[in-house]
Amino acid sequence: MGVQFLYAHLKIYEEGGFIKKLIVAALSILLVIFPLTSCSNTETEKSGKLSIISTIFPYYDFTREITGDKADVNLLIPPGCEPHDFDFSPKDIVKINNADIFIYNGGESDSWVESILENIDSSVKVIKCFDYINPLFEDESALESEEEHHHDEDEEEYDEHIWTSPKNAINITKAISKEIINSDKQNKDYYNTNSNNYLKELKSLDKNLKTISNSADNSTLVFADRFPFLYLTEDYNFEHLSAFPGCSSQTQPSIKTVTAIIDYVNKNNIPVVFKCDFSSDNFPNIICEDSNAKIGTLYSCHNISKEMFENGESYISLMEKNCEIIKEAVS
């Protein structure tokens, strides 16, 4: 009865167009008054498998590599969806509450998750990936400022794209593997084997990026786009020049920014100007029309398209593509 009541009442908020904070507030109140009855243990007993939910693609991908066919692993934010625009639904809340393990990133943009976690069933094991890395403050060197964000002078926020560095991916994979084994000791050896094999692939990425960085003729990566790659550039000693900070919603650069990037690319003979996945080519095209550079796509892996998902693209395959284009950019 609690689930139906919660869904019916939250659907009113959702369809009425209330902002996400109001939905979370309503959820918190309703979960206290009408707690959801967790069926995670029952579902696990029926299928004989763990039920695991990850909010975003990288952790979903790490998890399915570890668990193979021994767990039901689900991605909360569907392929093709821009993670920053995702609005959770009452059904998503029920899914989280009914999982054995819930994996999320952490950080400012996951404040909605924190509100939900205060009231979900205590049997759900929660993995906050931010707890397993050394966070970096958002980069402030972008040519365009984020005018819509007005922070106090002393207020800094952490960059949340922690998975973009294979070093962090290694630590997070180890943490996920440990929790999975603790939850299903019967399949410990199977999980350990899969985890160790996957860690070898991540360490190969790490080694490849180190080699590319150490042999670089020019270590600066130029982004005619947003910049969600702070952890990658910091961990592998690449410099960067970006049009917009972090995951800025700005898409129209000023003439000053366009001119500055074109001048830098021409002066330093930059062969590749980067754009992010899920971004348009408009601004990079302007840069490349006035230089000898070509457009290269770097995959943040925050999410992937439906087509890529169906074709079996993975964190490893996308990062390997990143390595190839970075090598071309710095050679």
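- Annotation for Asn182: atom CG counts as buried by contact number, over 12 foreign heavy atoms lying within 6.0 Å.
- When ring centroids are compared, His240 and Phe227 come within the 6.0 Å threshold.
- Counting heavy atoms from C-beta outward, Phe57 and His302 have side chains that stay 4.5 Å or more apart.
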*Tell me, with the steps shown, if Leu117 and Lys128 meet side chain to side chain contact (heavy atoms under 4.5 Å, CB included).*
CA-CA 11 Å; Leu117 293 181; Lys128 180 180 178 180; over 6 Å; no
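- Within the 4.5 Å cutoff, side-chain heavy atoms of Glu234 are placed close to those of Leu136.
- Under the 4.5 Å side-chain criterion, counting only non-hydrogen atoms from C-beta, Ile261 is in contact with Val222.
- Residues Phe130 and Asp110 form no side-chain contact, since every pair of their non-hydrogen atoms from C-beta on lies 4.5 Å or further apart.
- With rounding to the nearest 0.5 Å, the separation of OG1 in Thr173 from CG in Asn196 is 11.5 Å.
- For the 3.5 Å distance criterion, the side chains of Thr257 and Glu144 qualify, holding a donor opposite an acceptor.
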*Worked check of side-chain hydrogen bond (donor to acceptor under 3.5 Å, both in side chains) between Ser195 and Asn192*: CA-CA 5 Å; Ser195 179; Asn192 268 328; 5.7 Å; no
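- One finds the OG1 atom of Thr164 at 16.0 Å from the OH atom of Tyr299 (value rounded to the nearest 0.5 Å).
- Within the 3.5 Å criterion, the main-chain N or O of Asn171 finds no donor-acceptor partner in the side chain of Lys174.
- With hydrogens and angles disregarded, no donor-acceptor distance shorter than 3.5 Å links the side chain of Asp159 to the backbone of Phe137.
- Across all non-hydrogen atoms, the minimal contact from Ile304 to Phe278 is C-CZ, 3.7 Å.
- Partners of Pro271 according to the side chain to side chain contact (heavy atoms under 4.5 Å, CB included) rule, which considers only residues two or more places apart in sequence or in another chain, do not exist here.
- When all heavy atoms of Phe244 and Pro253 are compared, the closest pair comes out as CZ-N, 3.9 Å.
- We find that Lys275 and Asp281 are joined by a salt bridge, their nearest charged nitrogen and carboxylate oxygen being less than 4.0 Å apart.
- With hydrogens and angles ignored, the 3.5 Å screen pairs no side-chain donor or acceptor of Asn97 with any backbone N or O of Ile120.
- With hydrogens and angles ignored, the 3.5 Å screen pairs a side-chain donor or acceptor of Thr233 with a backbone N or O of Phe229.
- At least one donor-acceptor pair under 3.5 Å links the side chain of Lys49 to the backbone N or O of Asp69.
- Residues Tyr236 and Asp206 have side chains that bring a donor and an acceptor to within less than 3.5 angstrom of each other.
- One side chain, Ser279 or Asp225, offers a donor N or O that lies under 3.5 Å from an acceptor on the other.
- Closest non-hydrogen pair, Ser300 versus Asp277, comes out as N-OD1, 3.1 Å.
- No side-chain donor from either of Ser242 and Arg226 sits under 3.5 Å from a side-chain acceptor of the other.
- Evaluation of the side-chain hydrogen bond (donor to acceptor under 3.5 Å, both in side chains) test over residues 288-297, restricted to residues two or more places apart or in two chains, returns Lys294-Glu328.
- Atom CD1 of Ile77 and atom CD1 of Ile53 lie 12.0 Å apart (nearest 0.5 Å).
- One side chain, Ser109 or Glu160, offers a donor N or O that lies under 3.5 Å from an acceptor on the other.
- A 4.5 Å side-chain heavy-atom check between Glu179 and Ser183 finds at least one atom pair inside the cut-off.
- Side-chain atoms of Ser51 never come within 3.5 Å of backbone atoms of Ala99 as a donor-acceptor pair (strictly under, hydrogens ignored).
- Under the 4.5 Å side-chain heavy-atom criterion for ILVMFWY residues, a single connected hydrophobic cluster contains both Ile162 and Leu199.
- Contact check for Tyr132 versus Asn168: no side-chain heavy atoms found under the 4.5 Å cut-off.
- Neither side chain, Asn214 nor Thr211, offers a donor N or O lying under 3.5 Å from an acceptor on the other.
- The minimum heavy-atom distance between Thr55 and Asn105, with the atom names listed, is OG1-N, 4.1 Å.
- In this structure, Tyr158 OH and Ile133 CD1 are separated by 9.0 Å, a value rounded to the nearest 0.5 Å.
- Heavy atoms from other residues, nucleotides or ligands lying under 6.0 Å from CD of Glu239 number 12 at most.
- With Ser331 contributing its side chain and Lys327 its backbone, the two residues share a donor-acceptor pair below 3.5 Å.
- Taken from CG in Asn322 to CG in Leu209, the straight-line distance is 8.5 Å, to the nearest 0.5 Å.
- For the pair Ile103 and Cys129, the tightest heavy-atom approach, listed with the atom from each and the gap, is CG2-SG, 3.7 Å.
- Note on ring orientation: taking the six-membered ring where Trp is involved, the planes of Tyr59 and Trp163 are perpendicular (angle over 60°, cut-offs 30° and 60°).
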*Determine, stepwise, if the pair Leu241 / Leu143 fulfils side chain to side chain contact (heavy atoms under 4.5 Å, CB included).*
CA-CA 8 Å; Leu241 176 70; Leu143 296 173; 4.1 Å; yes
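- Between Lys178 and Tyr191, every side-chain heavy-atom pair lies at or beyond the 4.5 Å cut-off.
- Applying the side-chain hydrogen bond (donor to acceptor under 3.5 Å, both in side chains) test between Ser317 and each of Lys321, Glu320, Glu313 identifies Glu313 as the sole match.
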*Could you give me the CA-CA distance, side-chain angles and deciding distance for Ile52 and Ile180, then say whether side chain to side chain contact (heavy atoms under 4.5 Å, CB included) is met?*
CA-CA 9 Å; Ile52 306 174; Ile180 289 171; 4.1 Å; yes
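- Side-chain atoms of Asp61 come within 3.5 Å of backbone N or O of Tyr315 as a donor-acceptor pair.
- Here the options are Asp100, Thr63, Asn187, Thr67, the test is side chain to side chain contact (heavy atoms under 4.5 Å, CB included), and the partner is Leu50; only Asp100 passes.
- Under the 30°/60° scheme for interplanar angles, the aromatic rings of Phe86 and Trp112 are found to be tilted.
- Put simply, CD1 on Ile170 and CZ on Phe62 are 9.5 Å apart, with the number rounded to the nearest 0.5 Å.
- When all heavy atoms are compared, the tightest approach of Ile325 to Leu298 is CG2-CD2, 3.6 Å.
- The cationic atom of Lys167 (NZ for Lys, CZ for Arg) does not lie both less than 6.0 Å from the six-membered ring centre of Tyr231 and within 45° of the ring axis.
- In this structure a side-chain-to-backbone donor-acceptor pair under 3.5 Å is missing from Asn303 to Pro83.
- Under the 4.5 Å side-chain heavy-atom criterion for ILVMFWY residues, no single connected hydrophobic cluster contains both Val273 and Ile295.
- A distance-only check finds no donor-acceptor pair linking the side chain of Thr259 to the backbone of Lys256 [under 3.5 Å].
- Two residues are said to be in side-chain contact when any heavy atoms from C-beta on lie closer than 4.5 Å; Asn218 and Asn269 fail this criterion.
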*Pair Ile316-Tyr198, side chain to side chain contact (heavy atoms under 4.5 Å, CB included): steps then yes or no*: CA-CA 9 Å; Ile316 294 291; Tyr198 190 59; 3.6 Å; yes
